[in-house]
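Every chain is numbered from 1, with letters handed out A, B, ... down the list of sequences.
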Protein chains: 2
Amino acid sequence: MATIKDIAKKAGVSITTVSRALNGYSDVNEDTRKKIVETAKLLNYSPNTIARSLVMKKSKTIGLLVSGFIRENAKDNFTIEVMTGVNDYASQTAYDIVLFTTNSSKQREKTYTQLCKERKVDGVIIQGIRTDDPYLDEVIEGEIPCVLVDIPKIGKHAGYVSTDNYAGAWEVGEYLAGLGHTSIGMVNGHEFAFVSQERLKGFKDSLIQKDIKLSDDRISNGDFTEESGGRAALQLLEDNPSTTAIFCASDLMAIGAMTALKSRGYRIPEDISIVGYDNILLSRYVQPGLTTISQDTYGLGYEAAKLLIDMLDHEGEPRKTIVLHELMERDSSAKV
Amino acid sequence: MATIKDIAKKAGVSITTVSRALNGYSDVNEDTRKKIVETAKLLNYSPNTIARSLVMKKSKTIGLLVSGFIRENAKDNFTIEVMTGVNDYASQTAYDIVLFTTNSSKQREKTYTQLCKERKVDGVIIQGIRTDDPYLDEVIEGEIPCVLVDIPKIGKHAGYVSTDNYAGAWEVGEYLAGLGHTSIGMVNGHEFAFVSQERLKGFKDSLIQKDIKLSDDRISNGDFTEESGGRAALQLLEDNPSTTAIFCASDLMAIGAMTALKSRGYRIPEDISIVGYDNILLSRYVQPGLTTISQDTYGLGYEAAKLLIDMLDHEGEPRKTIVLHELMERDSSAKV
DNA sequence: TTGTATGCGTTATCAT
DNA sequence: ATGATAACGCATACAA
């Protein structure tokens, strides 16, 4: 591997000059620069980013910390879409991405911050972390610039990107009420996700507006998995046989609910309307097509990277970015 | 950020001793070690991997080079599953993953090898690269240890993981012939993928065994997209109206074919049997469920990481690893 | 416009 | 068992 030292020797200049020439400084003679660039090419030189990082104290890498990057979750293309967005923006910049993952299974012997500190990432994007994660605060209060996905917390060095989950759920409420439903239930995700809390609030509030009360026995909790959605939906119908519409806080749970209900002989949407949240890939393919709130997941990742890199490169303030959502009406919902 | 220097000062020893103590060398007094470890904790020390990399000439990172990590491809969970496998194995080791991506759109100003050289990755896993990619040879002949996914080429520092595409396609041939089909067509992917070539060969050869000839006008090429699969299938039926079974070289194309055929009034599998390849997530959800060859995609990634890291850590020879495949019979195929 | 010298945080060599 | 010192490859303050 050729170094600037080799170039210097070959070109008969000092390493300082080589460094400056290659980095486009103005105070270097055009002729010497030309010669240097030439010999650099000749020696097939490529800069050693590691050495550069060491002296610059900037690694030009951002960490992408994702939980739920596990086999079982591949169904949910949420993660991959966010990653794609992050990657697309980052690849327009000088930053590379290093992947950190946390299977909840492997007890992490190292905390996030430790991982980040050791690898010297300049900043980090965090996705899929639970609100009860012991390290969440450590991250938000920490020194490492970070952007959270779907966790609305701002710190000294922490911003976030999210969608307006309250508004999205509100729209579902309006929509179902508009279809004439009055006996409505909700399958929510676990309480350790901000989105669960928001979606519940928004849904509840919009129904109240329509004089529909979402009492506690009309709310059943799953944990965002397909299977749990089915279970929760059945529970819901057992407690409230009159229910004609169910809002599920995630598409995966909605799909689980549909499967479970169909197997019990319910027709969708004739007997029960189902609405999901996320607009994952599958929701378009299941039978019937799932009515849901579409989020710009890709945009979530893209904006996260943009926000973080802005914080890094231009000392931008940590802030929030809200990306859009939209109700996608398909065939799983109908007038009562 | 505390460094070993700080620890040395505070503990009243030399940096050499600190380094050795922290790295578990045996030639350091237990008491001094204890003191050093203590003050390290006290100062909230974490090693600077960058400095370490510089002197060790090992970055303990592997590059994950994926093409097709783009928005449109999210459907195809192949990429994400491979990545998950890679990640799962790597996370058991000391290696971190840095993500390189090549949208064919962005003209890469830097070649793969350049990216790898600059970031000083110790090795690289390459996925989704086309056989006509100008840099493929550069990689295989290059000095950087690498493992290719689904490209059966071995070099001095290059191994690969793949499935037996020939055998998989062969089984499809046997299967369709066994169902009584004699008028059979194939929708292949583009020629710049090894898998296309292999799948074609395997399919053709197995049919020959059954005295069924797959003439050229019974082969129509798509480019692995859903839409192209639909187009190719229609073309096929136009040229050979008697066709009763179509083997598509990817599930996505098979799904496109099903959609297109259904829209033309063909019933599947009553009129036409469709078989895919890949067993992507969707294939289980479309109507009818798609018969296909399932590959252990996760295993592909897992084994790739394993092979690469073996090459890195134990100077393992570059070699190949073949992961299993299996015919998944669903409802898109039936007796003629 | 160019060169000298120093340091980034670590590991490794060679003394002691 | 421990410490001085020299690397690793690069950027930069300062001098010339």
J.: Any idea which of D/dG3, D/dT5, D/dC10 is nearest the A/Thr3 side chain?
T.: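 Nearest listed nucleotide: D/dC10.
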J.: What is the separation between atom CD1 on B/Ile7 and atom C1' on D/dT2, rounded to the nearest whole Å?
T.: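 My rounded result for the distance is 17 Å.
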J.: Ignoring backbone atoms, establish whether A/Thr17 has a side-chain N or O less than 4.0 Å from OP1 or OP2 of C/dT2.
T.: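 No, no such contact exists.
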J.: Using whole Å, report how far CZ of B/Arg52 lies from P of C/dA12.
T.: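 After rounding, the gap between these two atoms is 10 Å.
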J.: Take the protein atom NZ of A/Lys5 and the nucleotide atom P of D/dA11, then report the distance between them rounded to whole Å.
T.: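 Atom-to-atom, A/Lys5 to D/dA11, this comes out as 15 Å.
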J.: Just to confirm, is there a sub-4.0 Å distance from OP1 or OP2 of D/dA11 to any side-chain nitrogen or oxygen of A/Ser19?
T.: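 So the side-chain polar atoms of A/Ser19 do come within 4.0 Å of the phosphate oxygens OP1 or OP2 of D/dA11, strictly under.
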J.: Should A/Asp137 and A/Lys153 count as side-chain neighbours, where that means a heavy-atom distance under 4.5 Å?
T.: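 A side-chain contact exists here, since the closest heavy-atom pair is under 4.5 Å.
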J.: Is the shortest side-chain N/O distance from A/Thr32 to OP1 or OP2 of C/dT1 below 4.0 Å?
T.: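 The answer is no; no side-chain N or O of A/Thr32 sits under 4.0 Å from OP1 or OP2.
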J.: What's the NZ-C1' distance between A/Lys57 and C/dC8, to the nearest Å?
T.: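 Rounded to the whole Å, the gap is 6 Å.
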J.: Is there a side-chain polar atom (N or O) of A/Lys120 under 4.0 Å from OP1 or OP2 of C/dC8?
T.: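 No.
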J.: OP1 or OP2 of C/dA12 less than 4.0 angstrom from a side-chain nitrogen or oxygen of B/Tyr25, does that happen here?
T.: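 Indeed, a polar side-chain atom of B/Tyr25 lies that close.
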J.: Check whether any side-chain nitrogen or oxygen of A/Asn48 sits under 4.0 Å from OP1 or OP2 of D/dC8, and answer yes or no.
T.: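 Checking A/Asn48 against D/dC8: no side-chain N or O falls below 4.0 Å of OP1 or OP2.
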J.: Please give, in whole Å, the distance from C/dG7 P to B/Ile50 CD1?
T.: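 Distance check: B/Ile50 CD1 to C/dG7 P gives 20 Å.
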J.: Compare every heavy atom of B/Cys146 with every heavy atom of B/Val139, then report the nearest pair and how far apart it is.
T.: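 Closest pair (atom of B/Val139, atom of B/Cys146, distance): CG1-SG, 3.4 Å.
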J.: Tell me which of A/Arg20 and B/Ser26 sits closer to the 5' end of DNA chain D, going by the nucleotide each one is nearest to.
T.: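 The residue closer to the strand's 5' end, by nearest nucleotide, is B/Ser26.
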J.: Do the charged groups of A/Arg33 and A/Glu30 touch, with an N to O distance under 4.0 Å?
T.: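 Yes.
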J.: Could you tell me the separation between the CZ atom of B/Arg119 and the C1' atom of D/dG9, rounded to a whole number of Å?
T.: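 Rounding to the nearest Å, CZ of B/Arg119 and C1' of D/dG9 are 15 Å apart.
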J.: Between B/Arg33 and A/Val55, name the one whose nearest nucleotide on DNA chain D is closer to the 5' end.
T.: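 It is B/Arg33 whose nearest nucleotide is closer to the 5' end.
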J.: Round to a whole Å and report the spacing from CG of A/Asp27 to P of D/dC14.
T.: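 A/Asp27 atom CG is separated from D/dC14 atom P by 15 Å.
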J.: In terms of relative ring orientation, are A/Tyr298 and A/Tyr302 parallel, tilted or perpendicular, with 30° and 60° separating the classes?
T.: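 Answer is parallel, since the angle falls under 30°.
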J.: Distance check needed: C/dG7 C1' versus A/Ile15 CD1, whole Å only.
T.: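 Distance, rounded to whole Å: 12 Å.
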J.: Among C/dT11, D/dT2, D/dC10, which nucleotide sits nearest the side chain of A/Tyr45?
T.: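 Side chain of A/Tyr45 sits closest to D/dC10.
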J.: Quick check on A/Lys60: does its NZ atom have over 12 non-hydrogen neighbours (other residues, nucleotides or ligands) under 6.0 Å away?
T.: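 More than 12 within 6.0 Å, yes.
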J.: Mark yes or no for a side-chain to base donor-acceptor pair under 3.5 Å between A/Thr16 and D/dT12, with no hydrogen or angle criteria applied.
T.: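 Counting by modelled atom types and ignoring angles, a donor-acceptor contact under 3.5 Å is found here.
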J.: Would you mind telling me which of C/dT2, D/dG3, C/dC8 lies closest to the side-chain atoms of A/Val28?
T.: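 The closest nucleotide is C/dT2.
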